[in-house]
Q: 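This structure is in structure tokens; I'll ask about it shortly.
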Amino acid sequence: MAGRPASVTDREPGQGLGKDLLHVGPIPRRNIDALLRLAADLKRAQRRGRNPRLLAGKMLGLLFQKPSTRTRVSFEAGMNQLGGQAIVLPMADIQLSRGESIADTARVLSRYLDGLVIRTYDHATVEEWAREATIPVINGLTDLSHPCQALSDLLTIREKKGRLRGIKIAYVGDGNNVANSLIEAAAKMGMAIALGCPAGYQPDQHIVDVARLEAQQTGGVIEIGEDPVVAVKEADVIYTDVWISMGREREQARRLKALTPYQLNERLLRRAKPDAIVMHCLPAHRGEEITAEVLDGPRSVVLDQAENRLHMQKAILVTWLGRKPKARGAFVASSRASGARR
């Protein structure tokens, strides 16, 4: 019978967390450390053919307004591997499409499910879901933030570089939701991040300002500029993302013109450290934001990066859904109860 990974202790990785996961920024550093340890434990367990049923009897809803491959499959597969179940609920297929309010839908689903993953456009939408639902709401992506991606990227960087503190990430291209969440993650973990983005395509200023305050406490460094060559100097990690995100298709011509000088190619890669790794959250458009030579080259870790979405999603699910409500809405991890049932 499958049990917990031997290295998963009865620690409570959910202590100190809010009900929902909407941004990386509010997560205490100790909890990010716990998520990274748990994800690594679960990854090792799966490699040994052991999938602990930490979420047996739990039900997760996946509400997607945007298309998805990695987010949907990693959450659905992860939930199943942990002994729970997932229901995919395309927003067009439920009564939201006919005018039912988010409030009514969230309150009803809270009585059916143990957690919700929301993937939508406006960040205010996921905030409304979180306000109205009494179960944990996890941000599977909004136009502002992609916290699950950034957390799993920390796992990949630590695997490849052996540490996080002092590692420099260079992000080039469109300062989008992924860039925003990477900034929060880097500041939280004492990393350096330098962005090279054209004017008008830089990251959210409020997120940058808050992250810089965090970085003052952790020793992190956040640099925002327009020159990709400057950004990648001495970088340990070079990261890029698509230039035309979902919902931005009408801006294609303008975006291509502004972002073409920011392509991640061999010439730019040579400006980084000789052992720098290449990351991309996928899907990628070869020949636009990144060349095929770089994306498929020996320094690319994009497939390992994509795989780690599964292991981090599982850690997130155990941490947020594996807790039980206490008085006044506080939550604690249920790992002790899971261990007692083995």
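Note that this is a predicted model, so its numbers are computed, not measured. Throughout, residue positions are numbered sequentially from 1 according to the sequence presented. FYI, side chains are in, hydrogens and waters are out, and symmetry mates aren't considered; it's all heavy atoms of this structure.
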Q: Mind listing the closest non-hydrogen atom pair of Ala179 and Leu195 along with its distance?
A: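 That would be CB-CD2, 3.9 Å.
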
Q: Give a yes or no answer on whether the side chain of Asp33 reaches the backbone of Leu36 with a donor-acceptor pair at less than 3.5 Å.
A: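 No: the side chain of Asp33 does not pair with the backbone of Leu36.
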
Q: How long is the straight-line distance from CD1 of Ile94 back to CG of Leu89, given to the nearest 0.5 Å?
A: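 One gets 5.5 Å once the value is rounded to the nearest 0.5 Å.
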
Q: If the threshold is 4.0 Å, N to carboxylate O, is there a salt bridge linking Lys160 and Asp304?
A: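 Result for this pair is yes, salt bridge flagged.
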
Q: Can you list every side chain to side chain donor-acceptor pair (under 3.5 Å) pair that touches residues 80-90, not counting sequence neighbours?
A: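 Those involving residues 80-90 are Gln81-Lys314.
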
Q: Enumerate the ring-ring contact (aromatic ring centres under 6.0 Å, His included) contacts for residues 62-111, please, sequence neighbours excluded, ordered by first and then second residue.
A: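 Not a single pair qualifies under ring-ring contact (aromatic ring centres under 6.0 Å, His included).
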
Q: Between atom CD1 of Ile244 and atom CZ of Arg254, what is the distance when rounded to the nearest 0.5 Å?
A: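 Spacing of CD1 (Ile244) from CZ (Arg254) equals 10.5 Å.
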
Q: Hey, can you pull the donor-acceptor pairs under 3.5 Å for the side chains in residues 161-169, sequence neighbours left out?
A:
unit_1	atom_1	unit_2	atom_2	d
Lys161	NZ	Asp275	O	2.7
Arg163	NH1	Arg165	O	2.6
Arg165	NH1	Thr218	O	2.6
Lys168	NZ	Ala231	O	3.2
Lys168	NZ	Lys233	O	2.5

Q: Assess the side chains of Gln149 and Asn177: does a donor N or O sit below 3.5 Å from an acceptor N or O?
A: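 No - no donor-acceptor pair under 3.5 Å links their side chains.
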
Q: Drop me the distance from Leu35's CG to Ile316's CD1, to the nearest 0.5 angstrom.
A: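 Leu35 CG to Ile316 CD1: 6.5 Å, rounded to 0.5 Å.
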
Q: Out of curiosity, Ile87 CD1 to Leu62 CG, how far, rounded to the nearest 0.5 Å?
A: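 If I round to the nearest 0.5 Å, the distance is 9.0 Å.
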
Q: More than 12 heavy atoms of other residues, nucleotides or ligands under 6.0 Å from CZ of Arg267: yes or no?
A: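 It does not: Arg267 CZ has 12 such atoms or fewer within range.
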
Q: If you group Ile, Leu, Val, Met, Phe, Trp and Tyr by side-chain heavy-atom gaps below 4.5 Å, do Val278 and Met191 land in one group?
A: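 In one cluster: no.
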
Q: Quick one, Arg255 with Gln252, criterion side-chain hydrogen bond (donor to acceptor under 3.5 Å, both in side chains). Give me CA distance, side-chain angles, the key distance, then yes/no.
A: CA-CA 5 Å; Arg255 284 177 166 269; Gln252 180 171 347; over 6 Å; no

Q: Under the side chain to side chain donor-acceptor pair (under 3.5 Å) rule, what pairs show up with a residue in residues 283-292, not counting sequence neighbours?
A: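 Listed once each, the pairs are His280-Glu289, Arg286-Asp296.
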
Q: Distance-only, no hydrogens or angles: does the Ser110 side chain make a donor-acceptor pair with backbone N or O of Thr134 under 3.5 Å?
A: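 Side chain of Ser110 to backbone of Thr134: a pair is present.
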
Q: Asp20 side chain to Val137 main-chain N or O, any donor-acceptor pair under 3.5 Å?
A: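 Side chain of Asp20 to backbone of Val137: a pair is present.
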
Q: Would you compute the distance between atom OG of Ser181 and atom NE2 of His146 and round it to the nearest 0.5 angstrom?
A: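 Spacing of OG (Ser181) from NE2 (His146) equals 8.0 Å.
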
Q: Leu154, Met312: one ILVMFWY side-chain cluster at the under-4.5 Å cut-off?
A: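 In one cluster with Leu154: Met312, yes.
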
Q: Between Tyr239 and Asp153, does any side-chain donor sit less than 3.5 Å from a side-chain acceptor?
A: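 The criterion, which ignores hydrogens and geometry beyond distance, is satisfied for Asp153 and Tyr239.
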
Q: Is there a path of hydrophobic side-chain contacts, each under 4.5 Å between heavy atoms of I/L/V/M/F/W/Y residues, joining Val242 to Leu144?
A: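 In one cluster with Leu144: Val242, no.
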
Q: If only atom types and distance count, is the side chain of Lys58 paired as donor or acceptor with the main-chain N or O of Ala86 below 3.5 Å?
A: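 No, Lys58 side chain to Ala86 backbone: no donor-acceptor pair under 3.5 Å.
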
Q: Taking the side chain from Arg107 and the backbone from Glu132, do they hold a donor-acceptor pair closer than 3.5 Å?
A: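 Not at all, since once roles are kept as given, no pair shorter than 3.5 Å links the two residues.
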
Q: May I ask you to decide if Leu310's main-chain N or O and Ser74's side chain share a donor-acceptor pair within less than 3.5 Å?
A: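 No; zero donor-acceptor contacts below 3.5 Å.
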
Q: Would you say Glu293 and Asn265 are linked by a side-chain donor-acceptor pair, where the criterion is simply a distance under 3.5 Å?
A: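 Checked: Asn265/Glu293 side chains show no N/O donor-acceptor pair below 3.5 Å.
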
Q: If you look at every heavy atom in Ile290 and Ala284, which pair is closest and at what distance?
A: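 Looking at all heavy atoms of both residues, the closest pair is CG2-CB, 4.4 Å.
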
Q: For Asn308 and Thr156, test the side chains for any donor-to-acceptor distance below 3.5 angstrom and give the result as yes or no.
A: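 Thr156 and Asn308 do have a side-chain donor-acceptor pair below 3.5 Å.
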
Q: Looking at Glu307, is its backbone amide N or carbonyl O close enough to the side chain of Lys43 to form a donor-acceptor pair, meaning the two atoms are under 3.5 Å apart?
A: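 Flag not set: sc Lys43 to bb Glu307 has no pair under 3.5 Å.
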
Q: With no hydrogens and no angle check, do the side chains of Glu184 and Asn180 hold a donor and an acceptor under 3.5 Å apart?
A: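 Checked: Glu184/Asn180 side chains show no N/O donor-acceptor pair below 3.5 Å.
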
Q: I need the full list of salt bridge (charged side-chain N to carboxylate O under 4.0 Å, His left out) pairs touching residues 212-227, with sequence neighbours left out, sorted by first then second residue.
A: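 As it turns out, the salt bridge (charged side-chain N to carboxylate O under 4.0 Å, His left out) pairs with a partner in residues 212-227, which skip direct neighbours, are Lys188-Glu214.
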
Q: Enter the distance from Arg309:CZ to Ser152:OG here, rounded to the nearest 0.5 Å.
A: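 Rounded to the nearest 0.5 Å, the CZ-OG separation comes to 5.0 Å.
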
Q: Test of understanding: with salt bridge (charged side-chain N to carboxylate O under 4.0 Å, His left out), list the residues that count as partners of Glu76, not counting sequence neighbours.
A: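 Result, salt bridge (charged side-chain N to carboxylate O under 4.0 Å, His left out) vs Glu76: Arg72.
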
